[in-house]
Amino acid sequence: MRIDILTLFPGMFSGPLTESILKRAQEKGLLSLHLHNIRDYTSDKHHTTDDAPYGGGGGMVMLVEPLVRAVEDVRGADQGAPVILLTPQGRVFTQRVAYELAAHERLILICGRYEGVDERVRQLVVTDEISIGDYVLTGGELAAMVIVDAVTRLIPGVLGARWGAEEDSHAMGLLEYPHYTRPPVFRGLAVPDVLLSGDHQAVARWRRREAIRRTWERRPDLLLTADLSEEERWFLAELAEAEAQRRGAS
Ligand code: 9D3
């Protein structure tokens, strides 16, 4: 997959994209990342990228010309690639959106700054708008990095065989069960016996129950859409019953 990123701050991207899994994905030729400085597409002698909004009010607005010229140059003859504006007004990024984006051969990401971009950028070149959540960032750069990270790990061959996206799709409906490794006891805290029992079926059952318990406690909203077996529904009913008892008792 090829990802082009248009930004006023290309330096922000060294670090996250040049370490660990994203680094390896690029070395393996599975991901090719290209950073473009929007300032390189200005045509005035001060290399202006923003100006005051028509109609007045605070803040600055990114100029239409450098952005449209940058997209057209980077896109070249390839008209099919999604051009995604990172903006607080976009649809919210979820694992589902990550899968959707991972299906493309190429993505073009535009990182907004200041109060936003001239509306005509949307009219002329943007095909999709994404936000990474309801909190205020200083610009689209960190959002672009989040998207690159989440999408890259879905590219076949990027993760080891054991950690496939397959595994995620089963797990995503629920939060994860608790994990343990050596030693068996640390400062009096023991690893649950079942995990040391060698009984794979009992381990699987315990993990599934703990995942349901955790989801019930922390993210009950996820249980509305989780794919649970009959037995798991019973367990959930037990949790709800125990909770009702506690509430009644207090
Ligand atoms: C006063 C209205 N503000 C919107 C909440 C203006 C504004 C604040 C921050 C406009 C842009 C920004 C910069 N943020 C992004 O460009 C951004 C973002 C974000 O702030 N949160 C979550 N996802 C994203 S994607 C791009």
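Residue numbers start at 1 and run along the sequence shown. Start at 1 and go down the list; that is how both ligands and their atoms are numbered.
Linking ILVMFWY side-chain heavy atoms closer than 4.5 Å, directly or via other members, places V117 and Y114 in a single hydrophobic cluster. Both M60 and L86 sit in one connected hydrophobic cluster of ILVMFWY residues. Membership requires side-chain heavy atoms under 4.5 Å apart, directly or through other members. Criterion: ILVMFWY side-chain heavy atoms under 4.5 Å apart, direct or through other members. Under it, L124 and L63 are not part of a common hydrophobic cluster. In the hydrophobic clustering of ILVMFWY residues, with side-chain heavy atoms under 4.5 Å counting as a link, F93 and I155 come out together.
Partner of Q245 under the side-chain hydrogen bond (donor to acceptor under 3.5 Å, both in side chains) criterion, chosen from E243, E241, R247: E241.
Ring pair H179/Y177 is tilted by interplanar angle, where 30° to 60° counts as tilted.
Using a 4.0 Å cut-off between charged nitrogen and carboxylate oxygen, R214 and E217 do not count as a salt-bridge pair. R122 and E119 are joined by a salt bridge, as a carboxylate oxygen and a charged side-chain nitrogen come within less than 4.0 angstrom of each other.
Counting only heavy atoms of the protein, atom 21 (N) of ligand 1 lies nearest to Y135 O, 2.8 Å. If you check which protein heavy atom lies closest to atom 25 (S) of ligand 1, you get T87 N, 3.4 Å. The protein heavy-atom contact nearest to atom 11 (C) of ligand 1 is Y114 O, 3.5 Å.
Annotation: I132 places an N or O atom under 3.5 Å from an N or O atom of ligand 1; distance criterion only. Backbone and side-chain nitrogen or oxygen atoms of L137 are examined, and one is located within less than 3.5 angstrom of a nitrogen or oxygen of ligand 1. Residue contacts with ligand 1: T138 is placed with no nitrogen or oxygen under 3.5 Å of a nitrogen or oxygen of the ligand (distance criterion only).
Near V136, meaning under 4.0 Å from any of its heavy atoms, are these atoms of ligand 1: 8 (C), 9 (C), 20 (O). In the vicinity of E115, heavy-atom distances shorter than 4.0 Å reach the ligand 1 atoms 1 (C), 6 (C), 10 (C). Counting atoms of ligand 1 from 1 in the listed order, those under 4.0 Å from a heavy atom of A143 are 25 (S). With ligand atoms numbered from 1 in the order given, ligand 1 contributes 21 (N), 22 (C) to contacts under 4.0 Å with heavy atoms of G133.
The option with the heavy atom closest to atom 17 (C) of ligand 1, from among G90, P88, G59, is P88.
In D134, neither the side chain nor the backbone holds a heavy atom less than 4.0 Å from any atom of ligand 1.
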